[in-house]
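Below, chain A is the first sequence line, B the second, and so on; all start at residue 1.
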There are 2 protein chains.
Amino acid sequence: MESKPAVNMLSALGHEGRLAVFRLLVKAGPQGIAAGEIARGLAVPPNSLSANLNILSHAGLIASRREGRSIIYSADYGAMSRLLAFLMEDCCGGAPEICTPLDAILARAKACAPGSAC
Amino acid sequence: MESKPAVNMLSALGHEGRLAVFRLLVKAGPQGIAAGEIARGLAVPPNSLSANLNILSHAGLIASRREGRSIIYSADYGAMSRLLAFLMEDCCGGAPEICTPLDAILARAKACAPGSAC
DNA sequence: TCCATATTTCCAATATTATGGAAATGAAGG
DNA sequence: CCTTCATTTCCATAATATTGGAAATATGGA
């Protein structure tokens, strides 16, 4: 990934409210959540939420689709993976021993499949 | 990791100049680079750089030590790992298939040890 | 002590971002 | 066509971040 889209993603996620929205969408899975439901769940006014959803969307981190009267938002896992890859590349280009903790992190993350205690 | 320090880190990295600094420091390894050398390398005025180093430092992403007249900055790999872990956790809590691309990413990152073609 | 180097701090101007009320748009149903 | 619901857009205000010049601090050496 280039540097500029990575900056946009990081900047989009570097905001308490937006990170909360993104985490919620990631947990929700590909089916996504309606904007109104997000607003109720996180207790934020709908216009602020809309602005933040727009920022996340422009950063490429989330997608949206209309379903009846609602607009459903969902996390873009590919974008997330690319961002993580971008951050990891530099990390491991410097010193090989930096990579090894990531193995453990990934193993733990994988153990957190839905249904497990985590 | 809690949400707040993660937001601080993401926000710190969500800036073109600071991301460039951090990437440079990550690539430089634990020995770090002097502030002046960073400024010359990235062609930024020293006072702006100082402000950005301060933001990265407050976010916990870099450390500094004085060495003679220079101040040497270095990336905090532990902080970086914790941030990646934080992002991965939610990612994998949602759907297990999201984790699998990260395996490939990590394998590729590990292959990029210094000296290899990458 | 005096000077040169390295970096930070101070400060003000500018730009960007965040916030929330109110109005506008779009969709479904009677 | 009218009403209701869901969401966005518009707008103004407030807050925060970015930038760079100039001065201040700290270190090492003559």
Could you check which of C/dA27, D/dT8, C/dT7 has an atom nearest any side-chain atom of B/Ala34?
C/dT7
NZ/NE/NH1/NH2 to OD/OE distance under 4.0 Å, A/Glu67 and A/Arg65
yes
Between P on C/dA6 and CG on B/Leu49, what's the gap in Å once rounded to a whole number?
14 Å
Check whether any side-chain nitrogen or oxygen of B/Ser48 sits under 4.0 Å from OP1 or OP2 of D/dT19, and answer yes or no.
no
B/Leu13, A/Met1: one ILVMFWY side-chain cluster at the under-4.5 Å cut-off?
yes
In whole angstroms, the gap separating P of D/dT19 from CG of B/Asn52 amounts to 7 Å
For B/Glu16 and D/dA17, give me the distance from atom CD to atom P, rounded to whole Å.
19 Å
Taking all heavy atoms of A/Phe86 and all of A/Glu2, pick out the closest pair and write down the distance.
CE1-O, 3.8 Å
Of all the choices, C/dG20, C/dT8, C/dA6, which nucleotide is nearest to the side chain of B/Ser50 once you look at every atom?
C/dT8
Without decimals, in angstroms, what is the distance between A/Asn54 CG and C/dA18 P?
12 Å
D/dT27, D/dT8, D/dG20: which one has an atom nearest the side-chain heavy atoms of B/Asn47?
D/dG20
If I take atom CG in residue A/Leu53 and atom P in nucleotide D/dT7, what distance separates them, rounded to the nearest angstrom?
10 Å
For the pair made of CD1 in B/Ile71 and P in D/dT25, what is the distance, rounded to whole Å?
15 Å
What distance separates A/Tyr77 OH from A/Ile62 CD1, expressed to the nearest 0.5 Å?
12.0 Å
May I have the distance from B/Ile72 (atom CD1) to C/dT7 (atom P), rounded to whole angstrom?
7 Å
When all nucleic acid strands are considered with a 4.0 Å heavy-atom cut-off, which category describes A/Pro46: base, sugar-phosphate, or nothing?
base
Short side-chain N/O contact from A/Arg18 to OP1 or OP2 of C/dA18, under 4.0 Å:
yes
When only distance counts, do a donor and an acceptor, one from the side chain of A/Arg69 and one from the base of D/dT4, lie under 3.5 Å apart?
yes
With a cut-off of less than 4.0 Å, is there a side-chain N or O of B/His15 near OP1 or OP2 of C/dT17?
no
Taking CG from A/Leu56 and P from C/dA18, how many angstroms apart are they, rounded to a whole number?
11 Å
Base, sugar-phosphate or nothing for B/Ile55? Non-hydrogen atoms, less than 4.0 Å.
sugar-phosphate
Starting at CG of A/Leu87, measure out to CZ of A/Arg82 and round the result to the nearest 0.5 Å.
13.0 Å
Counting just side-chain N and O atoms, does A/Tyr73 come under 4.0 Å of either OP1 or OP2 of D/dT8?
yes
